[in-house]
Amino acid sequence: VESDEENANEKFKFIEDIYSMSWALIIGINDYQNVDPLSFAVDDAIAINKILSEKYGFKKEHIRLITDEEATKDNIMNGFQEILLSAGEKDRIVVFYAGHGDTYPLPNGGDMGYLIPVDGEASKEKIFLTSISMSTLEELATMSAAKHILYLVDACYGGLTLNTRGLGSEQTPEYLKKMTKEKGRQVITAGGKDEKVMEKAEWGHSAFTKNLLKGLENELADANNDGIISGEELGGFIRSGVNIDTDGQHTPQKGRMGSDVGEFVFISENLEADVAD
């Protein structure tokens, strides 16, 4: 067993080489004040909190979990500001949001996507004042010194401009070493506008979070089996899983904010699945 554990820890050292600290902001909202409630968004947030702290080396004191009545626009913005601006240039950040999203059609024919906080309103007149625009998230990502930011947005909305050009299809160790040195801001979202978040009691989660957890729990998203889950691999895994679970009604989006090419990575701290094999 010792050699297996050493093996697992050896792999995890790669995380310690490329990241100084890991931060997470996790938001889940079921009980909206002005919008229809959701059933599993809070459970989704709690499950992500658990897996990041127990399996992926995120320290509890660097995770901020905000749910239901705490998830006001002010509290969420404070959380964003605190975490995105506290992180240093060798740090990584995960932002997970489970809740409602909405899309505001712009006069020029484009769209602006919004995340709706617990006190937010989706009406055309109020959305700008009461909700959080995706352009705000882009701005914060630009202002943050962090090396890698991964936005996991379990909400459906439009108007997100993502650079979807794929990077290296072959994720060789050399390629990953190179890409983990570069800055990067990656986004994986549940679906586009005119789609509704799909939750099922038998899953106990939304389709998006069900597949996100599945991808991280036993390293199933590790497409090339190298013990490393890249943001690119995770996005691909979620996309195909959600497509199957929702009979094609949902197509998760994945891509990058801006032109930075860095690759966010997850490596299990305990590699239990490998040790059990």
Side-chain angles (χ1 to χ4, degrees), residues 4-29 41-68 70-71 75-98 137 140-141 143-154 176-177 179-188 205 209 212-219 221-222 227-231 233-234 262-275:
D4 278 340
E5 272 182 24
E6 274 171 26
N7 205 4
N9 294 339
E10 274 308 301
K11 196 71 173 168
F12 190 71
K13 278 196 182 116
F14 183 50
I15 289 289
E16 289 162 351
D17 289 345
I18 56 176
Y19 299 130
S20 296
M21 282 196 255
S22 301
W23 305 79
L25 175 64
I26 300 172
I27 301 149
I29 311 168
V42 171
D43 289 348
D44 290 347
I46 289 167
I48 296 300
N49 180 40
K50 189 169 188 271
I51 201 164
L52 291 183
S53 61
E54 290 181 5
K55 192 173 168 78
Y56 286 100
F58 284 67
K59 292 192 169 66
K60 287 191 167 74
E61 61 271 25
H62 289 161
I63 298 178
R64 184 149 177 203
L65 175 66
I66 306 176
T67 58
D68 273 350
E70 295 291 306
N75 271 351
I76 292 173
M77 287 304 296
N78 282 336
F80 276 130
Q81 191 168 317
E82 190 185 303
I83 283 187
L84 287 161
L85 303 183
S86 295
E89 56 190 35
K90 212 184 155 191
D91 295 356
R92 64 174 168 172
I93 300 171
V94 169
V95 174
F96 173 85
Y97 170 89
L137 297 201
L140 283 161
M143 288 162 69
S144 178
K147 185 197 270 194
H148 295 156
I149 299 173
L150 178 61
Y151 283 120
L152 298 166
V153 186
D154 191 355
L176 269 178
K177 273 207 164 67
M179 286 308 151
T180 48
K181 287 195 177 92
E182 301 287 328
K183 266 184 112 160
R185 277 89 181 93
Q186 288 163 284
V187 186
I188 309 171
H205 292 292
T209 301
L212 169 57
L213 289 167
K214 197 167 145 189
L216 292 176
E217 261 162 9
N218 297 318
E219 291 91 49
D222 179 8
I228 298 170
I229 297 172
S230 66
E233 284 178 319
L234 186 60
E263 192 68 51
F264 189 105
V265 292
F266 288 101
I267 298 176
S268 166
E269 194 172 13
N270 38 31
L271 282 173
E272 284 158 343
D274 296 12
V275 174

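- Put simply, the residue from Thr180, Ile149, Val265, Ile15 that forms a side chain to side chain contact (heavy atoms under 4.5 Å, CB included) with Arg92 is Ile15.
- Under a cut-off of 6.0 angstrom, the local environment of CD in Glu89 is sparse, with at most 12 non-hydrogen atoms contributed by other residues, nucleotides or ligands.
- Here the NZ-CG distance, from Lys50 to Asp43, works out to 12.5 Å after rounding to the nearest 0.5 Å.
- No side-chain heavy atom of Met179 sits less than 4.5 Å from a side-chain heavy atom of Ser230.
- Of all the heavy atoms in Ala71 and Ile76, the pair that sits closest is O-CD1, 3.5 Å.
- Looking at Leu52 and Ile26, their side chains come closer than 4.5 Å, going by heavy atoms from C-beta outward.
- In this structure the side chain of Lys177 never reaches within 4.5 angstrom of the side chain of Ile18, judged on heavy atoms.
- In plain terms, the two heavy atoms of Gly262 and Gln186 that are nearest each other are O-OE1, 3.6 Å.
- By the 30° and 60° cut-offs, the orientation of the rings of His148 relative to Phe264 is tilted.
- When side chains are defined from C-beta on, Ile46 counts as touching Val42, because their heavy atoms get closer than 4.5 Å.
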Stepwise side chain to side chain contact (heavy atoms under 4.5 Å, CB included) test for Ile93 and Leu25:
CA-CA 8 Å; Ile93 300 171; Leu25 175 64; 5.8 Å; no

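- Taking CG from Leu65 and CD1 from Ile48, the interatomic distance works out to 11.0 Å, rounded to the nearest 0.5 Å.
- Within 6.0 Å of the CE atom in Met77, the count of heavy atoms belonging to other residues, nucleotides or ligands exceeds 12.
- Of the possible polar contacts, none joining the Asp91 side chain to the Ala146 backbone as a donor-acceptor pair under 3.5 Å is found.
- Taking CD1 of Ile188 as the reference point, atom CG of Leu212 lies at 7.5 Å (rounded to 0.5 Å).
- Judged by distance alone, with hydrogens and angles left aside, the side-chain atoms of Glu263 form a donor-acceptor pair with the main-chain N or O of Gly231 at under 3.5 Å.
- Distance check: Asn75 CG to Ile27 CD1 gives 10.0 Å after rounding to the nearest 0.5 Å.
- Classified by interplanar angle (parallel below 30°, tilted 30° to 60°, perpendicular above 60°), the ring pair Tyr56/Phe266 is perpendicular.
- Considering every non-hydrogen atom in both Glu219 and Ser268, the closest pair reads OE2-CB, 3.4 Å.
- Summarising the geometry, atom CH2 belonging to Trp23 is positioned 8.0 Å from atom CD belonging to Glu82; distances are rounded to the nearest 0.5 Å.
- Between Glu70 and Arg64 there is no salt bridge, since no side-chain N of the basic residue sits under 4.0 Å from a carboxylate O of the acidic one.
- In this structure, the side chains of Leu234 and Leu216 come closer than 4.5 Å at one or more pairs of heavy atoms.
- Proximity of Asp222 to Ile228: side-chain heavy atoms (C-beta onward) are nowhere separated by under 4.5 Å.
- Inter-residue side-chain proximity for Val95 and Leu150 is flagged as unmet; no heavy-atom pair is nearer than 4.5 Å.
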Given Ile29 and Asp68, is the side chain to side chain contact (heavy atoms under 4.5 Å, CB included) satisfied, shown in steps?
CA-CA 5 Å; Ile29 311 168; Asp68 273 350; 4.1 Å; yes

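- Closest non-hydrogen pair, Ile267 versus Gly227, comes out as CG2-O, 3.7 Å.
- Between atom OG of residue Ser53 and atom NE2 of residue His62 there is a gap of 13.5 Å, rounded to the nearest 0.5 Å.
- Considering all non-hydrogen atoms of both residues, Val94 and Phe58 come closest at CG2-CZ, 3.8 Å.
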Check the pair Ser86 / Met21 against side chain to side chain contact (heavy atoms under 4.5 Å, CB included), numbers first and verdict last.
CA-CA 10 Å; Ser86 295; Met21 282 196 255; over 6 Å; no

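- Counting heavy atoms from C-beta on, the side chains of Lys55 and Ile51 come closer than 4.5 Å.
- Among all heavy-atom pairs drawn from Lys90 and Glu16, the shortest one is NZ-O, 4.1 Å.
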